[in-house]
*Asks:* 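Below you will find the structure I want to go over with you.
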Amino acid sequence: MTANLKRGASTENDKKPKKAKQNIGSDSESELSDVPDEPQQPPQVEQVTQVKQESPSNLKHASDVTPKVENTNGLENSSDLVNLKEIENNKVSNDQDLNTSTVSPKKSSKSNKPSEDSDFDEKPKARSSRRSASAKKEKKENVTDDEKKTPKKTPKNSSQPPNQTPNGDVKDEGDDEDDYKWWAEQGGFGDGTERWSTLEHNGVFFPPEYIPLPKQVKMKYDGKLVELSNEAEEVAGFYAAVLGSDHAADETFNKNFFQDFQSVLRDHPPLDGTKIKDFEKCDFSPIREHLDIEKEKKKAMTKDEKKHAKEQRDEIENPFTHCLLDGRKEKVGNFRIEPPSLFRGRGAHPKKGKLKLRIRPEQITINIGKDAKIPDAPPGTNWGSVQHDNTVTWLATWKENINGAYKYVYLAPGSTLKGQSDMSKFEKSRELKHYIGNVRESYEADLQNKVMFDRQRATAAYLVDRLALRAGNEKGEDEADTVGCCSLRCEHVMLRPPNLVTFDFLGKDSVRFYQEDIKVDPQVFKNLRIFKKEPKGPQDPIFDRIHTTVLNNYFRGFMKGLSAKVFRTYNASITFQEELKQTPNEGTVAEKLLSFNRANRNVAILCNHQKNVSKSHDATMDKMGDRLKALKYQRRKLRQMLAQVADDKKVYKDHPSFKDEESDLEDEWMDAHEENERDKEVERQKKKFERDNEKLRNEDQKEMKPEDLGERLQEVEEKWKTVTKERRAGKPDVGKKNQTQLTTAMQKMEDRLEAFRVNASNKDEVKDVSLGTSKINYIDPRITVAWCKAYEVPVEKVFAKTLLTKFTWAMETSPDWKF
DNA sequence: CCGCTAACTTAGCAAACCAGCT
DNA sequence: AGCTGGTTTGCTAAGTTAGCGG
């Protein structure tokens with residue numbers, strides 16, 4: 001299998017250093033003074049205002065946009081304004097509660113909408129009584145009576161009458177209003193901790209129990225078929241499924257798998273007494289073959305069969321796909337409980353390959369409204385526990401056995417709950433705009449602080465802000481060795497005077513962060529040198545005095561809710577908005593999209609969002625190279641035709657490029673190309689001949705003879721011979737085309753060539769860049785929507801269906817909206 | 001201050017789907 | 001009309017952050 005080039009390869013011997021947090025040196029004020037290249041002066045003013053470093057990489061980095069947001073005097077005013085506003089809002093919200101529940105009533109007519117096939121047709125609940133009479137859609141019978149009973153009104157939201165907007169108008173817009181536009185109400189969700197007042201759902205969907213393999217399908221051990229217990233067979237099947245993948249070649253994966261496999265075998269030994277002791281003697285391929293056949297069968301099903309199967313699946317999943325939150329039907333995200341499998345940790349995860357156990361209802365905690373009916377656990381089982389906590393947003397949770405981490409069932413990205421969080425995330429990072437000047441000023445000054453703690457904190461802040469690094473929590477022995485800002489080790493940072501730094505480390509998901517010779521603030525350079533100093537070794541942390549909590553506490557001092565991750569969102573969005581300014585005002589939608597994608601790409605590079613280069617990428621590029629040559633070939637022909645009819649002075653004066661010869665277009669290639677084209681034409685002629693004859697036959701007329709075809713083919717041959725001859729002579733036949741026509745054609749050809757080139761190089765440049773992640777998580781969708789409106793590009797061109805749903809809250813943004 | 005828990009966002013990969021081509 | 005390659009969606013791992021208890 002292809003090795004993963006993107007991820008840093010982990011070698012056996014690169015053991016990670018464990019929590020090497022020894023204190024090096026004391027934290028006294030004077031500790032920094034004995035460092036040779038440390039300036040002894042107090043912080044210099046000019047350092048604070050110094051120019052931001054140029055980003056050395058190809059990406060236009062936040063530094064480019066700094067001036068726009070960085071502030072001078074207006075800043076303080078604006079932040080004061082913001083604060084005032086905040087206060088006002090809070091005041092309002094204290095009375096009215098900006099929580100979902102309160103702001104909702106206005107568009108409640110949604111409940112009148114004909115229901116979809118789900119258990120949760122919206123039922124006008126508690127506060128909907130007013131209009132429910134007119135509206136109420138007959139709800140499906142599978143909603144139990146218990147669910148029907150009037151839910152409580154939470155105390156907090158009882159103060160507001162249901163059908164009113166905050167300003168008190170009663171809105172009743174009729175039945176057609178489908179969506180509850182929470183974003184049209186004031187201010188997202190308030191700072192109350194309650195996220196909902198009523199919540200009903202049907203629990204979670206469990207994967208089917210294991211179905212044993214057909215009797216004849218068995219794994220082999222030491223060449224002999226083994227009669228496995230069902231329990232062991234299931235695990236063997238998990239391994240069979242990864243055969244041929246990178247995992248199957250991974251030592252850790254195999255070791256962990258086999259350990260867990262043996263443990264299952266101990267509890268459920270093979271029925272034939274086989275002792276499975278040696279992984280090398282295991283042969284799972286018979287199981288794999290069976291799985292492959294099953295897959296083929298599935299693929300071979302007719303369209304109808306597939307559709308039918310899907311309908312059946314949907315039918316049983318239906319009760320779990322939606323819930324009722326504050327009386328609104330909302331989509332649930334991951335309602336399917338994760339099936340058992342082999343743990344596929346990323347990078348060099350020490351636990352990869354371990355058996356992830358099947359989740360039983362007894363392990364699950366259900367979270368649901370107080371007055372809602374508690375969903376039935378599967379027959380014969382019980383939920384682990386049930387709680388009614390409306391300060392959290394999950395419907396169910398369980399603890400996973402590999403890392404002991406909690407898993408949750410949440411609502412889908414398009415839900416109000418998620419939408420509100422999303423919007424407030426962007427509002428928060430947008431707010432940073434007003435504080436960023438202060439923050440930068442502060443940490444830039446602190447870069448020279450005499451206290452090591454402060455200086456490290458400032459340097460870390462610099463990296464988080466300028467390089468978009470993640471905070472970088474400490475990680476455990478039993479996790480992949482990846483780092484972020486605060487957990488950087490000396491070995492990850494190389495210094496080259498006067499002020500160039502190379503970063504090379506594995507970040508989240510073991511994606512390599514590699515940037516060579518980044519020009520940093522000279523003071524940052526000096527600091528890094530100090531932090532790396534003896535007696536620290538390569539495995540020791542750069543920032544030995546601080547950690548993420550320290551850094552975040554520092555950030556929070558500037559602005560409510562400010563933490564390291566906000567910088568990524570802020571810098572991503574502001575960069576995107578800035579880059580979009582280069583969109584051509586005139587030009588086709590395709591050209592505008594190119595600008596959009598380029599901006600998107602730069603953000604992705606900023607955030608180091610990578611992906612594996614697809615296996616077919618090289619082939620695709622080769623193909624494109626060929627098509628490019630074909631275009632050049634045509635251009636060459638046009639150019640030579642034009643040369644024959646052109647009156648030199650004018651045409652070439654207007655279009656000097658028309659004289660340029662095509663690069664990289666060899667005679668050999670052209671010979672082959674012409675042969676190729678000829679062959680294709682021959683094929684076409686043959687097919688056409690067949691078709692024509694078929695038609696004649698059907699019309700009872702007499703068919704053409706093979707000789708007729710031969711004649712046609714002869715003509716084709718002749719034609720191409722001439723073409724080749726003329727081409728070699730450099731004098732293609734001009735025919736009746738005049739200079740004007742040829743000039744136009746030539747111009748068109750040049751445009752096409754250029755577009756093609758741009759496209760191709762674009763494609764190559766993004767081959768290992770993942771655009772999706774930033775689009776989904778970092779770029780404020782309102783920037784995108786505003787851009788689409790301003791440049792008349794349909795949003796559907798840039799947001800796929802799920803994103804349109806996820807970002808409904810941003811769709812009404814006006815063209816002149818600014819992040 | 002530290003380590004741990006809980007809840008949430010962010011992330012890349014692979015399966016599924018779809019559109020553009022022959 | 002089936003294939004192919006690119007895009008979209010689903011999945012779940014891997015982060016961040018705040019809060020808590022010692």
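Below, chain A is the first sequence line, B the second, and so on; all start at residue 1.
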*Asks:* Please determine, by modelled atom types, if A/Thr548 and A/Asn473 share a side-chain donor-acceptor pair under 3.5 angstrom.
*Replies:*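 Checked: A/Thr548/A/Asn473 side chains pair up, N/O donor to acceptor below 3.5 Å.
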*Asks:* Between B/dC8, B/dA11, C/dT17, spot the one nearest the side chain of A/Ala564, thanks.
*Replies:* C/dT17
*Asks:* Looking only at the side chain of A/Val392 (C-beta and beyond, no hydrogens), which of the listed nucleotides B/dG12, C/dA14, B/dC8 gets closest?
*Replies:*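 From the listed options, B/dC8 comes nearest.
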*Asks:* If you compare every side-chain N and O of A/Thr482 against the phosphate oxygens of C/dG15 (OP1, OP2), does one of them come in below 4.0 Å?
*Replies:* yes
*Asks:* How is A/Thr393 classified with respect to the nucleic acid when contacts are heavy atoms under 4.0 Å: base, sugar-phosphate, or nothing?
*Replies:*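 Here A/Thr393 touches the backbone only, sparing every base.
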*Asks:* So, does A/Ser616 get its side chain near the phosphate of C/dG6, meaning an N or O under 4.0 Å from OP1 or OP2?
*Replies:*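 For C/dG6, OP1 or OP2 has a side-chain N or O of A/Ser616 closer than 4.0 Å.
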*Asks:* Looking at A/Ser563, does any N or O in its side chain come under 4.0 Å of the phosphate oxygens OP1/OP2 on C/dT17?
*Replies:*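 Yes, such a contact exists.
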*Asks:* Please report, rounded to the nearest Å, how far the P atom of C/dG6 is from the NZ atom of A/Lys611.
*Replies:* 10 Å
*Asks:* Once you apply a heavy-atom cut-off of 4.0 Å, does A/Thr397 come out as touching a base, just sugar-phosphate, or nothing?
*Replies:* nothing
*Asks:* Please figure out whether A/Lys801 or A/Asn777 has its closest DNA chain B nucleotide nearer the 5' end.
*Replies:* A/Asn777
*Asks:* What pair of heavy atoms forms the shortest contact from A/Phe426 to A/Ser573, and how long is it?
*Replies:* CE2-OG, 4.1 Å
*Asks:* What is the nucleic acid contact for A/Ala405, judged by heavy atoms within less than 4.0 Å: base, sugar-phosphate only, or nothing?
*Replies:* nothing
*Asks:* Scan A/Lys306 against the nucleic acid and name what it touches under 4.0 Å (heavy atoms): base, sugar-phosphate only, or nothing.
*Replies:* nothing
*Asks:* Do A/Thr482 and A/Ser510 have a side chain donor and acceptor closer than 3.5 Å?
*Replies:*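 A/Ser510 and A/Thr482 do not have a side-chain donor-acceptor pair below 3.5 Å.
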*Asks:* Phosphate oxygens OP1/OP2 of B/dC2: is one of them under 4.0 Å from a side-chain N or O of A/His547?
*Replies:*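 Indeed, a polar side-chain atom of A/His547 lies that close.
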*Asks:* Once you apply a heavy-atom cut-off of 4.0 Å, does A/Lys399 come out as touching a base, just sugar-phosphate, or nothing?
*Replies:*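 Nothing: the residue A/Lys399, judged by heavy atoms under 4.0 Å, touches no strand.
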*Asks:* At what distance, to the nearest 0.5 angstrom, does CG of A/Asp509 lie from NE2 of A/His609?
*Replies:*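 Reported value, rounded in 0.5 Å steps: 9.5 Å.
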*Asks:* How about A/Phe567 and A/Phe555: are their ring centres within less than 6.0 Å of each other?
*Replies:*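 Yes; A/Phe555 has its ring centre under 6.0 Å from that of A/Phe567.
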*Asks:* Give A/Gly333 one of three labels, base, sugar-phosphate or nothing, depending on what nucleic acid heavy atoms sit under 4.0 Å from its own.
*Replies:*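 Since no nucleic acid heavy atom lies under 4.0 Å of A/Gly333, the category is nothing.
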*Asks:* How close or far is atom C1' of C/dT16 from atom CG of A/Asp509, stated in whole angstroms?
*Replies:*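 Going from CG in A/Asp509 over to C1' in C/dT16 covers 13 Å.
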*Asks:* Atom CG of A/Asp389 and atom C1' of B/dA7: how far apart are they, to the nearest Å?
*Replies:*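 The distance from CG of A/Asp389 to C1' of B/dA7 comes to 11 Å, rounded to the nearest Å.
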*Asks:* Can a cation-pi geometry be assigned to A/Arg512 and A/Tyr514, taking NZ or CZ under 6.0 Å from the six-membered ring centre and within 45° of the ring axis?
*Replies:*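 Yes - A/Arg512 lies over the ring of A/Tyr514, closer than 6.0 Å to its centre and within 45° of its axis.
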*Asks:* What is the distance, rounded to the nearest whole Å, between atom CD of A/Glu194 and atom P of B/dA7?
*Replies:*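 These atoms are roughly 16 Å apart.
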*Asks:* Please give, in whole Å, the distance from B/dA15 C1' to A/Leu291 CG?
*Replies:*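 Distance, rounded to whole Å: 16 Å.
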*Asks:* Inspect the contact between A/Asp481 and A/Arg489 and indicate whether a charged nitrogen and a carboxylate oxygen are less than 4.0 angstrom apart.
*Replies:* yes
*Asks:* For the pair made of OH in A/Tyr554 and C1' in B/dC1, what is the distance, rounded to whole Å?
*Replies:*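 So the OH-C1' distance, A/Tyr554 to B/dC1, works out to 21 Å.
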*Asks:* Can you measure A/Lys775 atom NZ to B/dT9 atom P for me and round it to whole angstrom units?
*Replies:*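 Whole-Å distance recorded here is 21 Å.
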*Asks:* Is any side-chain nitrogen or oxygen of A/Tyr778 closer than 4.0 Å to OP1 or OP2 of B/dA11?
*Replies:* yes
*Asks:* Below 4.0 angstrom from OP1 or OP2 of B/dC8, is there any side-chain N or O of A/Lys565?
*Replies:*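 Looking at the OP1 and OP2 atoms of B/dC8, neither is under 4.0 Å from any side-chain N or O of A/Lys565.
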*Asks:* So, does A/Lys425 get its side chain near the phosphate of B/dT10, meaning an N or O under 4.0 Å from OP1 or OP2?
*Replies:* yes
*Asks:* When the aromatic ring centroids of A/Tyr239 and A/Phe257 are compared, is their separation below 6.0 Å?
*Replies:*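 Yes; A/Phe257 has its ring centre under 6.0 Å from that of A/Tyr239.
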*Asks:* So which nucleotide from C/dT12, B/dA7, B/dA11 ends up closest to the side chain of A/Asn334?
*Replies:* C/dT12
*Asks:* Under 4.0 Å from OP1 or OP2 of B/dC13: is there any side-chain N or O of A/Asn612 that close?
*Replies:* yes
*Asks:* Just to confirm, is there a sub-4.0 Å distance from OP1 or OP2 of C/dA18 to any side-chain nitrogen or oxygen of A/Arg556?
*Replies:* yes
*Asks:* Is there a donor and acceptor pair, one atom on the side chain of A/Lys508 and one on the base of B/dT10, closer than 3.5 Å?
*Replies:*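 Side chain to base: pair present.
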*Asks:* Applying a 4.0 Å non-hydrogen cut-off, can you work out what A/Pro339 is touching in the nucleic acid: base, sugar-phosphate, or nothing?
*Replies:*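 It contacts sugar-phosphate atoms only.
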*Asks:* With nearest nucleotides of DNA chain C determined for A/Lys331 and A/Asn553 from heavy-atom distances, which residue corresponds to the more 5′ nucleotide?
*Replies:*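 It is A/Lys331 whose nearest nucleotide is closer to the 5' end.
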*Asks:* Give a yes/no on whether any side-chain N or O of A/Lys356 is located under 4.0 angstrom from OP1 or OP2 of C/dA13.
*Replies:*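 Checking A/Lys356 against C/dA13: at least one side-chain N or O falls below 4.0 Å of OP1 or OP2.
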*Asks:* Between the side chains of A/His617 and A/Asp764, is a donor N or O closer than 3.5 angstrom to an acceptor N or O?
*Replies:* yes
*Asks:* Assert yes or no for the condition that the ring centre distance of A/Tyr554 to A/Phe453 is strictly below 6.0 Å.
*Replies:* no
*Asks:* Assign A/Phe343 to base, sugar-phosphate, or nothing according to its heavy-atom contacts below 4.0 angstrom with the strands shown.
*Replies:* sugar-phosphate
*Asks:* Where do N or O atoms of nucleotides 19-22 of chain B meet protein N or O atoms at under 3.5 Å, pair by pair?
*Replies:*
none

*Asks:* Between A/Leu342 (CG) and C/dT12 (P), how many Å, whole number?
*Replies:*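 Spelled out: CG on A/Leu342 to P on C/dT12 is 13 Å.
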*Asks:* Identify, between A/His349 and A/Ala471, the residue whose nearest nucleotide on DNA chain C lies closer to the 5' end.
*Replies:* A/His349
*Asks:* Closer to the 5' end of DNA chain B via nearest nucleotide, is it A/Lys310 or A/Asn608?
*Replies:* A/Asn608
*Asks:* Output the single nucleotide from C/dA18, C/dG15, C/dA14 whose closest atom is nearest the side chain of A/Arg470.
*Replies:*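 Of the options given, the side chain of A/Arg470 lies nearest C/dG15.
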*Asks:* I want to check one thing: is the phosphate of C/dC11, taken as OP1 and OP2, less than 4.0 Å away from some side-chain N or O of A/Arg344?
*Replies:* no
*Asks:* Could you state the interatomic distance from CG (A/Asn552) to CG (A/Leu562), rounded to the nearest 0.5 Å?
*Replies:* 8.0 Å
*Asks:* Given C/dT12, is OP1 or OP2 found less than 4.0 Å from the side-chain N or O atoms of A/Lys407?
*Replies:* no
*Asks:* May I ask you to evaluate whether A/Thr773 reaches the phosphate of B/dA11, defined as a side-chain N or O under 4.0 Å from OP1 or OP2?
*Replies:* no
*Asks:* Which is true for A/Asn473 with a 4.0 Å heavy-atom rule: it touches a base, it touches only sugar-phosphate, or it touches nothing?
*Replies:* base
*Asks:* Are any of A/Thr549's side-chain N or O atoms less than 4.0 Å away from OP1 or OP2 of B/dC1?
*Replies:* no
